[in-house]
Amino acid sequence: MLSQGVMLDRHVLPTIIKACAGLSFLNTGKQAASTGCFAYSALLAGYARKGCVKETKELFSKRADEGVELNLVSWNGMIAGFNHSGRHLEAVIMFQKMHLEAFKPDGTSISSVLSAVGDLEMLILGFQIHGYAIKMGIGQDKCVVSALIDMYGKCACTLEMSEVFDEMCQMDVGACNALVMGLSRNGLVDNALKVFRQFKGQGIELNVVSWTSIIGSCSQNGKDIEALELFREMQLVGVKPNSVTIPCLLPACGNIAALMHGKAAHCFSLKSGISSNVYVGSALIDMYAKCGRIHVSKLCFDMMLTRNLVSWNALMAGYAMHGKTKEAIDIFQWMQRSGPKPDFVSFICVLSACSQGGLTDEGWYYFRSMSKDYGIEARLEHYACMVNLLGRAGRLQEAHTMIKQMPFKPDACVWGALLSSCRVHNNVSLGEIAAKKLFELEPRNPGNYILLSNIYASKAMWDEVNMVRNMMKSKGLRKNPGCSWIEIKSKVHMLVAGDNSHPQMAQIIEKLAELSIEMKKSGCFPDTDFVLQDVEEQDKEQILCGHSEKLAVVLGLLNTSPGSSIQVIKNLRICGDCHAVIKFISSFEKREIFVRDTNRFHHFKDGVCSCRDYW
DNA sequence: CTAGGGTTAG
């Protein structure tokens, strides 16, 4: 541009400076900044955006020496910049400084600082700024209104949030978006969906932010199919998804193993040129892993131009979930050598990988290394991983000792890890201890009662089994129904244990009966230990119909071409009987079958499972 | 150069 004799003007230069800051060519930026307020503002904002507190403050105090007068944009840039880089407190401090220097904030200043105030949950300050904005006469500024809604939402003040919305004078998409987010943030997804529909019905021009928000809310709150439908709908009404929409949608695909939808989103990213975005890339790694395609996750990882901590963690978590312990540890070591510094999530991933592979020594090694070499203090999650690792390896006493010695109060995850291990090894005495704690911590979780009752049943302690069942009955609890999903030709089918409503149910039952005859012929018999768990009257129909994962696998057999692979996901852990049956199916029908349960992936091929029966 | 929606674990 310069070589062609085109002069830089005051509008072009700030853009260049901002780009320099973004690319960490900060020195280049500094040289360019000596040209006045516009450039100064851009550099300040650039530093703040990168989270460079020290540099921002240095440059900020230097401006007087250089005789540069800062304006409103300079202040707003810093506040927004700090906010963007997660330095919320710095953003608030900047706003207060601005106030002290008697600079009059505008709607942008107020909305930036309110966002930070919300993240810090400084409700009192939020109220004060609300009052201040009204006093300044900008209480109805569009940015201010939506920022107030956002702030009250983050502070869990849904009442104040709705008040601001109802009292606003002029309808605005931003405010609508903030309201939808605020509702879902506070666990009111159904309300969020309802108001979203209302807005759409009222003819409000919903934009990409509106659609992205509602899609993200759905995929974060178990409304995965809704998320997929909304994604389709937004394109139908002509709103183009962008590099934020895709990472919001992909978890929904992963959650229900909707590989075709995930692939479609991947194609969309490639076509629209956003596939090199870090968020998109990391979300793709996660999606492919959760859809059973861990090798594609690795390809996505390798192809990424820039990776961040989340990309690395997502790949490790994927390997852990697939029981590929060695690969997970390799990635961890690669990361130690030439990746970002591992964080607490990285350690959760590597510990859970060790746990899947039964590597207790390595687990202990990483657990200790975490605080010793990385200065990361173990959290509840890490203890839960360790209890799981030790317990499943049969070292139940050691697991219990670990719980007793941990520096904070164990939560339900920790005790739950012990109880499941006790179920694996059928340890009554420790199982009772864990269950007793869990009944206090989460009295309404049926899973804990079921586990204890199964432990008793495995030892033929029928009086105790009945006692636990009666406890459940008296609390009005029922076993969570087993539920499995399978995607066939881009349509997701849900099968619930004991529910015969699927139109192909008769065929499924027929096919299952055939398979069961074949299985007996080849000398395989169901695992009686697992049959015991279904002695209750209410579960009789489940024995007849089979567990949901079995039904889903058979549905897959019936509706896909011979030899193609099948993937199923389940909301509970796979049962031993189904595990045996699916192993048989994989060899008898010559199919690769992927089953993802709450814990991990089971990859069945030629009659064996990738978990090597350790789960 | 100035807001709003974002990926990983459990």
Side-chain angles (χ1 to χ4, degrees), chain A residues 10-19 21 37-46 49 71-81 83-84 105-115 141-147 149-150 172-178 180-181 184 207-217 219-220 241-251 254 277-287 289-290 308-318 320-321 343-352 379-382 384-385 388 411-414 416-417 598:
Chain A
R10 57 178 205 163
H11 296 291
V12 175
L13 200 57
T15 314
I16 298 172
I17 293 167
K18 197 185 166 208
C37 172
F38 270 55
Y40 237 98
S41 305
L43 189 58
L44 280 172
R49 225 177 206 310
N71 64 9
L72 193 58
V73 174
S74 327
W75 288 101
N76 288 355
M78 281 187 289
I79 299 170
N83 198 26
H84 184 90
D106 68 349
T108 305
S109 340
I110 301 273
S111 80
S112 282
V113 75
L114 279 175
S115 167
D141 177 290
K142 276 183 182 175
C143 294
V144 172
V145 170
S146 56
I149 295 170
D150 175 71
D172 169 53
V173 218
C176 296
N177 295 348
V180 167
M181 268 314 284
S184 79
N207 59 20
V208 63
V209 177
S210 329
W211 287 95
T212 301
S213 305
I214 194 72
I215 290 171
S217 304
S219 55
Q220 274 166 28
N242 63 16
S243 64
V244 181
T245 317
I246 301 299
C248 284
L249 171 78
L250 285 173
N277 178 290
V278 213
Y279 286 93
V280 172
S282 304
L284 282 170
I285 293 173
D286 174 61
M287 181 277 292
K290 287 187 177 147
N308 63 13
L309 191 55
V310 176
S311 331
W312 290 82
N313 289 349
L315 183 61
M316 268 198 290
M321 189 195 302
D343 71 341
F344 77 102
V345 177
S346 319
F347 280 96
I348 294 174
C349 298
V350 78
L351 289 176
S352 78
R379 302 191 186 190
L380 273 166
E381 293 98 315
H382 300 106
C385 283
N388 190 27
D411 70 346
C413 293
V414 175
T598 39

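Hydrogens, waters and symmetry mates play no part in the numbers below; they use all other heavy atoms, side chains included. If you're wondering where the values come from, they're calculated on a predicted model, not measured in any experiment. Convention: sequence-line order gives letters A, B, ...; per-chain numbering from 1.
Annotation: salt bridge (Lys or Arg N to Asp or Glu O under 4.0 Å) contacts of A:Asp286 (sequence neighbours excluded): A:Lys290. Checked against side-chain contact (heavy atoms from CB on, under 4.5 Å), A:Pro247 has the following partners two or more places apart in sequence or in another chain: A:Tyr279, A:Val280, A:Ala283.
One can place CG of A:Asn242 at 8 Å from C1' of B:dG5, the figure rounded to the nearest angstrom. In this structure, the CD1 atom of A:Ile79 is 14 Å from the C1' atom of B:dC1, given to the nearest Å. Remark: P of B:dT2 and CE of A:Met78 are 13 Å apart, rounded to the nearest angstrom. A:His84 has its NE2 atom 13 Å from the C1' atom of B:dG4, to the nearest Å. Atom CZ of A:Phe347 and atom P of B:dA9 are 17 Å apart (whole Å). Rounding to whole angstrom units, CG of residue A:Asn76 and C1' of B:dC1 are separated by 10 Å. Rounded to an integer number of Å, the gap from CG of A:Leu72 to P of B:dC1 is 15 Å. Taking atom CG of A:Leu284 as the reference point, atom C1' of B:dT8 lies 13 Å away to the nearest angstrom.
Between the side chains of A:Asn76 and A:Thr108, not a single donor N or O lies within less than 3.5 Å of an accepting N or O.
Nearest to the side chain of A:Val244, among B:dG4, B:dT7, B:dG6, sits B:dG6. Here the nucleotide nearest the side chain of A:Ser146, chosen from B:dG6, B:dA3, B:dC1, is B:dA3. Comparing B:dG5, B:dG6, B:dT2 by their nearest atom to the side chain of A:Ser213 picks out B:dG5. Which of B:dA9, B:dT8, B:dG5 sits closest to the side chain of A:Thr212 comes down to B:dG5. Distances were taken from every side-chain heavy atom of A:Asn277 (C-beta onward) to each of B:dT8, B:dG10, B:dG6; the shortest belongs to B:dG6. With distances taken from any side-chain atom of A:Val310 to the nucleotides B:dT8, B:dG5, B:dA9, the minimum falls on B:dT8. The side chain of A:Ala283 lies closest to B:dT7 when the candidates are B:dG10, B:dG6, B:dT7. The nucleotide whose nearest atom lies closest to any side-chain atom of A:Thr108 is, among B:dT8, B:dA3, B:dG5, B:dA3. The nucleotide whose nearest atom lies closest to any side-chain atom of A:Cys248 is, among B:dT2, B:dG6, B:dG5, B:dG6.
In this structure, A:Ser112 reaches the sugar-phosphate backbone alone: every heavy-atom distance under 4.0 Å involves primed, P, OP1 or OP2 atoms, never a base. In this structure, A:Phe344 reaches the bases: a heavy-atom distance under 4.0 Å links it to at least one base atom across the strands shown. Using a 4.0 Å heavy-atom cutoff across all strands shown, A:Gly174 reaches at least one base atom of the nucleic acid. Within the 4.0 angstrom heavy-atom criterion, base atoms lie near A:Ser243. Within the nucleic acid shown, A:Ala317 comes within 4.0 Å of sugar-phosphate atoms alone, with no base atom in reach, counting heavy atoms only. Across all strands shown, A:Ala80 has heavy atoms under 4.0 Å from sugar-phosphate atoms exclusively, and none from any base. A:Asn83 comes within contact range of the sugar-phosphate backbone alone, with a heavy-atom separation under 4.0 Å but no base atom that close.
A:Leu114 has its side chain out of reach of A:Asp150: every pair of non-hydrogen atoms, C-beta onward, lies at least 4.5 Å apart.
For A:Lys290 and B:dT7, the shortest distance from a side-chain N or O to OP1 or OP2 is not below 4.0 Å. A sub-4.0 Å separation between OP1 or OP2 of B:dG4 and a side-chain N or O of A:Ser115 is present.
Proximity of a side-chain donor or acceptor of A:Asp411 to a complementary backbone N or O of A:Val414 within less than 3.5 Å is detected. Between the side chain of A:Ser219 and the backbone N or O of A:Ile215, at least one donor-acceptor pair lies under 3.5 Å.
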